[in-house]
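Only a predicted model underlies this, so the values are computations on that prediction, with no experimental measurement involved. All chains are named by letter (A, B, ...) in the order of the sequence lines, taking the proteins before the strands, and each is independently numbered beginning at 1.
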Amino acid sequence: AQTVTQSQPEMSVQEAETVTLSCTYDTSESDYYLFWYKQPPSRQMILVIRQEAYKQQNATENRFSVNFQKAAKSFSLKISDSQLGDAAMYFCAYRTTIQDSGNTPLVFGKGTRLSVIA
Amino acid sequence: GAVVSQHPSWVICKSGTSVKIECRSLDFQATTMFWYRQFPKQSLMLMATSNEGSKATYEQGVEKDKFLINHASLTLSTLTVTSAHPEDSSFYICSASPDGSYEQYFGPGTRLTVT
């Protein structure tokens, strides 16, 4: 079974600075999807960024980018120019591509609580 | 983007009563939906996989007779917490993927408080 590990329960960053959240995973599969979700105080899960394992290029979405190291099974999230609205829980998640992906749930890490200091 | 709704967003019930939570995919069809439970400051815990037209698949440790799941159509799954007790108080979240898509969309969640 796949597992996702987020080793940083809490992180803090000064506004406008850069922060990196760590995520490692364990799988025997060669193709899969990785995601970072943000959960603000409203508790609505918001997709931040996604990465297909077969793509070598790191995904980027505006101020958010990932460092995907497939051999090391590492998938870190970098937030640049941090804003107060970035304060939230961040979850790393894994999804298999085996069989019908629509029928497989996400495997979540335990999350990292990010605080942004004004 | 695809939208998933949940109703109600917040419910308070008395111990021993049953509560039904609805999860709807508003602009896509979903053969499969997922139900998660989240305790404060913790991650999402998968409870069950809801399959349209068939029985749900429950995760180990989840009581299927307490958490009844019905996926009656391609856009609606319901979770009924039967004979609720205070320990069932939690935040329940559903999610769904458009058929053929690997992306998963989440409902806004339902906060259940059992008194």
Atom CD of A:Q56 with >12 non-hydrogen neighbours under 6.0 angstrom: no
Should the heavy atoms of other residues, nucleotides or ligands under 6.0 Å from NE2 of B:H7 be counted, would the total exceed 12? no
Side chain, backbone, both or neither of B:Y105 within contact of chain A (heavy atoms, under 4.5 Å): neither
Under 6.0 Å from the NZ atom of A:K110, do we count more than 12 heavy atoms belonging to anything else shown? no
Need one label for A:L106: side chain, backbone, both or neither, based on atoms under 4.5 Å from any heavy atom in chain B. both
Does a sphere of radius 6.0 Å around NZ in B:K66 hold more than 12 heavy atoms from other residues, nucleotides or ligands, not counting ones at 6.0 Å or beyond? yes
Quick one: does A:R50's side chain get under 4.5 Å of B:E103's, heavy atoms only? yes
Under 4.5 Å between side-chain heavy atoms, counting indirect links through other Ile/Leu/Val/Met/Phe/Trp/Tyr residues: same cluster for A:V66 and A:V4 or not? yes
Side chains of A:Y33 and B:Q104: does their closest heavy-atom pair fall under 4.5 Å? no
Quick one: does any side-chain atom of B:S43 pair with a main-chain N or O of A:G111 as donor and acceptor, under 3.5 Å? no
With chain B as the partner, which of A:Q6, A:M45, A:R113 has the greatest number of non-hydrogen pairs under 4.5 Å? A:M45
Side chain, backbone, both or neither: which part of A:R43 has a heavy atom under 4.5 Å from chain B? both
Same cluster or not: are A:L47 and B:Y36 linked, directly or through other Ile, Leu, Val, Met, Phe, Trp or Tyr residues, by side-chain heavy atoms under 4.5 angstrom apart? yes
Side-chain touch B:Q38/A:Q39, heavy atoms, less than 4.5 angstrom: yes
Minimum-distance pair of heavy atoms, taken over all atoms of A:R95 and B:F34: NH2-CE1, 3.9 Å
Is there side-chain contact between B:E59 and A:P105, with at least one heavy-atom pair below 4.5 Å? no
A:K78 atom NZ, over 12 foreign heavy atoms within 6.0 Å: no
As an exercise: rank B:G109, B:S95, B:G107 by heavy-atom pairs under 4.5 Å with chain A and give me the winner. B:G107
Hydrophobic cluster membership, A:Y37 vs A:F75, 4.5 Å side-chain cutoff: no
